[in-house]
Amino acid sequence: MESRVSFAAVGAFVILLTTALVAGFLWLSSGKYYRKTYDTYQTYLAESVAGLNPSSSVLYRGVNVGRVRAIALAPDNVELVQLTLDIERGTPVKEDTIATLQTQGLTGIAVVELTSGHRESPPLQARPGEPYPVITAGESLYSRLETSIPTLLASLNRTSESLNALLDDEN
């Protein structure tokens, strides 16, 4: 009562089933970025982009509207970091739109945050000689803190010295 099992048939069935599962997974998961149309923009940051990676999110007032396509040093100025952004078509990127580097939570994952000023501003267009429109960059919170904390510490030091002079033994 031995049943004869064809190992070649079992192997072919396993390979066929695995291929079907992988193809089904790819078919169901594909299209996240392919169903939407993206416009390409660039921005130039004068600060460190630590924590920012290609495929990091681009947010417009907190809403995910795209991703970072590429990060490189600016070809004509090594003090700037050039970011190439893919932003969903229809996102209101205007001439007064500002791109800033933000970190999310305690993890330090960086994203590019876009903010816009006026509703009446014209849409951002590429200037002659530029491949993509360039979004103006703003300072991140860390950059602003880095420049203001030394001033604050110097002010606290002067206040402390004045207080020590006021509360001197002679007074």
Side-chain angles (χ1 to χ4, degrees), residues 22-161:
V22 168
F25 175 76
L26 291 174
W27 178 64
L28 290 174
S29 66
S30 70
K32 180 178 179 183
Y33 289 109
Y34 301 112
R35 287 185 223 151
K36 299 176 183 175
T37 305
Y38 291 88
D39 294 322
T40 303
Y41 295 89
Q42 287 184 330
T43 188
Y44 296 91
L45 299 175
E47 59 188 279
S48 172
V49 293
L52 189 71
N53 298 312
S55 297
S56 291
S57 295
V58 176
L59 306 176
Y60 185 87
R61 297 185 182 234
V63 178
N64 191 353
V65 294
R67 62 187 171 91
V68 176
R69 182 196 301 174
I71 303 171
L73 292 176
D76 54 343
N77 186 353
V78 294
E79 294 178 359
L80 297 176
V81 178
Q82 175 184 347
L83 301 179
T84 305
L85 311 173
D86 287 334
I87 299 174
E88 288 179 25
R89 185 164 289 159
T91 303
V93 179
K94 310 266 183 167
E95 287 184 355
D96 60 349
T97 299
I98 297 175
T100 56
L101 189 65
Q102 302 287 334
T103 56
Q104 292 185 329
L106 298 174
T107 60
I109 296 173
V111 297
V112 177
E113 177 80 31
L114 302 177
T115 56
S116 184
H118 297 86
R119 191 182 312 182
E120 295 82 24
S121 295
L124 185 62
Q125 300 292 327
R127 295 184 182 139
E130 293 179 348
Y132 305 114
V134 176
I135 300 173
T136 305
E139 282 188 302
S140 69
L141 174 64
Y142 290 123
S143 178
R144 291 187 306 243
L145 285 175
E146 187 177 358
T147 57
S148 65
I149 285 180
T151 306
L152 176 65
L153 290 176
S155 176
L156 283 173
N157 190 24
R158 282 192 307 267
T159 304
S160 173
E161 289 173 359

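Panel note: side chain Asn64, backbone Ser57; no donor-acceptor pair is recorded below 3.5 Å. Remark: side-chain polar atoms of Thr159 are paired, donor with acceptor, to backbone N or O of Ser155 under 3.5 angstrom. A donor-acceptor contact shorter than 3.5 Å is absent between the side chain of Glu113 and the backbone of Leu101. Thr43 places a side-chain N or O within 3.5 Å of a backbone atom of Ile135 that can act as its donor or acceptor partner.
A side-chain contact (heavy atoms from CB on, under 4.5 Å) with Leu52 is found for one member of Val68, Ile109, Thr103 and no other, namely Val68.
Here the side chains of Asp39 and Ile87 are not in contact, with every heavy-atom distance at 4.5 Å or above.
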Going through the checks in order, is the side-chain contact (heavy atoms from CB on, under 4.5 Å) test met by Thr84 and Gln42? CA-CA 5 Å; Thr84 305; Gln42 287 184 330; 3.6 Å; yes
Go through it in stages, so that I can follow the logic: the residues are Arg127 and Val134, the test is side-chain contact (heavy atoms from CB on, under 4.5 Å), and I'd like the CA-CA distance, side-chain angles, deciding distance and then a yes or no. CA-CA 8 Å; Arg127 295 184 182 139; Val134 176; 5.6 Å; no
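Counting all heavy atoms, side chain and backbone alike, Pro92 lies closest to Thr97 at O-OG1, 3.9 Å. The two residues Thr40 and Arg69 make their nearest non-hydrogen contact at OG1-NH2, 2.7 Å. Among all heavy-atom pairs drawn from Leu45 and Ala137, the shortest one is CD2-CB, 3.5 Å. The two residues Ala126 and Tyr132 have their closest heavy-atom pair at CB-C, 3.7 Å.
In summary, the side chains of Gln102 and Thr100 do present a donor paired with an acceptor at a separation below 3.5 Å, with no hydrogens or angles considered.
Put simply, OH on Tyr38 and CG on Asp86 are 8.0 Å apart, with the number rounded to the nearest 0.5 Å. One distance of note links OH of Tyr41 with CG of Leu114; it measures 9.5 Å at 0.5 Å rounding. Separating the CD atom in Gln82 from the CG atom in Asn77 is a distance of 11.0 Å, to the nearest 0.5 Å.
Remark: Glu130 CD is packed, more than 12 non-hydrogen atoms of other residues, nucleotides or ligands lying under 6.0 Å away.
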